[in-house]
Amino acid sequence: MVYQLVIFDNDGVLVDSEPISNTILSAYLTELGHPTTYEDSLRDYMGSAVHRVHDLVQERTGQRLPEDFERVLHERVFAAFEQELRPVPGVVEVLGELSAVGMPYCVASSSSHERIRVGHRVSGLDEWFEEEWIFSAEDVGRGKPAPDLFLHAADMMGVHPSQCVVIEDSPLGVEAARAAGMDVLGFTSMVPASKLTGATACFGEMKELSALLGLGA
């Protein structure tokens with residue numbers, strides 16, 4: 001399959017943010033009286049937009065999170081990003097290869113535009129992404145696992161969904177990509193391949209991605 005567009009998830013695929021953000025999220029939920037381990041956070045929230053946190057907490061406890069939950073969470077996450085965030089090892093090389101062969105790519109993330117941009121600035125990935133190549137769950141009515149975000153990204157980039165491949169590291173993201181009618185390559189740095197059911201193929205290190213995309217072949 002020769003793809004016309006590579007769609008990257010952001011957290012855990014482009015920037016090594018999942019350990020940081022899930023450590024902070026689990027600690028904050030526990031602080032608010034909703035005991036959550038790091039493993040719980042990965043299982044329940046990895047790859048999703050913040051509204052899923054609100055929805056699951058209310059569904060499970062009947063309680064609503066504070067109105068300033070998102071503001072406080074983002075403040076804590078952004079502060080940690082400034083000190084700790086790095087690009088996923090090998091992803092800069094992949095972006096360089098895509099650019100060299102002229103293959104279009106973009107990012108479609110459950111995170112807010114602000115979080116994506118902060119992460120890219122801190123990690124140095126901002127030089128690889130034009131503004132019009134960045135798509136957030138904020139742009140659509142429903143985030144992952146709904147297909148809306150990936151379909152929106154394909155539409156804005158002018159490529160049919162069947163000609164797109166998504167790079168994802170979460171079960172919710174894989175589900176969304178498949179629902180959008182796209183191939184999806186599952187990155188297993190955080191979640192084992194057995195959890196990424198439906199992925200077209202899986203890979204464990206970013207240096208393997210070039211071959212899967214047919215770069216340099």
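- Here Phe129 and Tyr105 bring their ring centres to under 6.0 angstrom of each other.
- The line from CG of Leu209 to CD of Glu97 is 8.5 Å long, rounded to the nearest 0.5 Å.
- The structure places CE of Met190 at 7.5 Å from CG of Asp16, a figure rounded to the nearest 0.5 Å.
- Under the 4.5 Å side-chain heavy-atom criterion for Ile, Leu, Val, Met, Phe, Trp and Tyr, Leu151 and Met156 are members of distinct hydrophobic clusters.
- Val15 approaches His120 most closely through the heavy-atom pair CG1-CD2, 4.3 Å.
- Looking at heavy atoms from C-beta onward, Phe69 lies in side-chain contact with Leu32 at the 4.5 angstrom threshold.
- Residue Met206 comes nearest to Pro89 through the heavy atom pair CB-O, 3.2 Å, listed as atom of the first residue, atom of the second, then distance.
- The number of heavy-atom neighbours closer than 6.0 Å to CD of Gln83, taken from other residues, nucleotides and ligands shown, is 12 or below.
- The line from CG of Asn22 to CG of Asp40 is 10.5 Å long, rounded to the nearest 0.5 Å.
- Asp139 and Ile134 make their closest contact through OD2-O, 4.4 Å (heavy atoms, listed as atom of the first residue, atom of the second, distance).
- Taking the side chain as every heavy atom from C-beta outward, Trp133 and Pro104 never approach each other to under 4.5 Å.
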Could you please spell out the steps behind the side-chain contact (heavy atoms from CB on, under 4.5 Å) verdict for Val191 and Leu42? CA-CA 9 Å; Val191 175; Leu42 288 178; over 6 Å; no
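- When side chains are defined from C-beta on, Ser17 counts as touching Phe81, because their heavy atoms get closer than 4.5 Å.
- Side-chain contact check for Ile20 versus Ile24: some heavy-atom pair is nearer than 4.5 Å.
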Worked verdict on Arg60 versus His34 for side-chain contact (heavy atoms from CB on, under 4.5 Å): CA-CA 10 Å; Arg60 291 169 174 173; His34 305 290; over 6 Å; no
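- Side-chain contact between Ser112 and Glu70 is absent, with no heavy-atom pair separated by less than 4.5 Å.
- Atoms OH and CG, on Tyr3 and Leu213 in that order, are 7.5 Å from each other to the nearest 0.5 Å.
- Salt-bridge check for Arg71 with Glu75: passed, with a basic side-chain N closer than 4.0 Å to an acidic carboxylate O.
- Using a 4.5 Å heavy-atom cutoff, the side chains of Asn10 and Arg115 are not in contact.
- Proximity of a side-chain donor or acceptor of His152 to a complementary backbone N or O of Asp148 within less than 3.5 Å is not detected.
- The closest side-chain heavy-atom distance from Arg178 to Asp183 is below 4.5 Å.
- Side chains of Ser21 and Asp11: no donor on one and acceptor on the other come within 3.5 Å.
- Note: the hydrophobic cluster containing Leu172 does not contain Val107 (ILVMFWY, side chain heavy atoms under 4.5 Å, direct or indirect links).
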Step-by-step side-chain contact (heavy atoms from CB on, under 4.5 Å) determination, Leu29 to Val53: CA-CA 9 Å; Leu29 287 172; Val53 184; 4.0 Å; yes
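- Each of Val166, Val165, Val159 was scored for a side chain to side chain contact (heavy atoms under 4.5 Å, CB included) with Leu5, with one residue passing: Val159.
- Remark: side-chain polar atoms of Ser109 are not paired, donor with acceptor, to backbone N or O of Asp9 under 3.5 angstrom.
- Counting heavy atoms from C-beta on, the side chains of Leu125 and Phe8 never come closer than 4.5 Å.
- The OG atom of Ser170 sits 13.5 Å away from the NZ atom of Lys195 when rounded to the nearest 0.5 Å.
- Note that CG of Leu73 is 10.0 Å distant from CG of Leu65, once rounded to the nearest 0.5 Å.
- Applying the side chain to side chain contact (heavy atoms under 4.5 Å, CB included) rule to Thr30 yields the partners Thr36; only residues at least two apart in sequence or on another chain are considered.
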For side-chain contact (heavy atoms from CB on, under 4.5 Å), just list the numbers for Leu215 and Met103, CA-CA rounded to whole Å, side-chain angles, deciding distance to a tenth of an Å, and then say yes or no. CA-CA 9 Å; Leu215 301 181; Met103 181 179 288; 4.2 Å; yes
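- Closest non-hydrogen pair, Lys144 versus Leu149, comes out as CE-CD2, 4.0 Å.
- A pairwise comparison of heavy atoms in Gly12 and Ser189 identifies O-OG, 4.1 Å as the closest pair.
- Scanning all heavy atoms of the two residues, the minimum distance from Ser41 to Ser26 falls at CB-CB, 4.1 Å.
- Under the 3.5 Å distance criterion, the side-chain polar atoms of Arg52 are left unmatched by any main-chain donor or acceptor of Met46.
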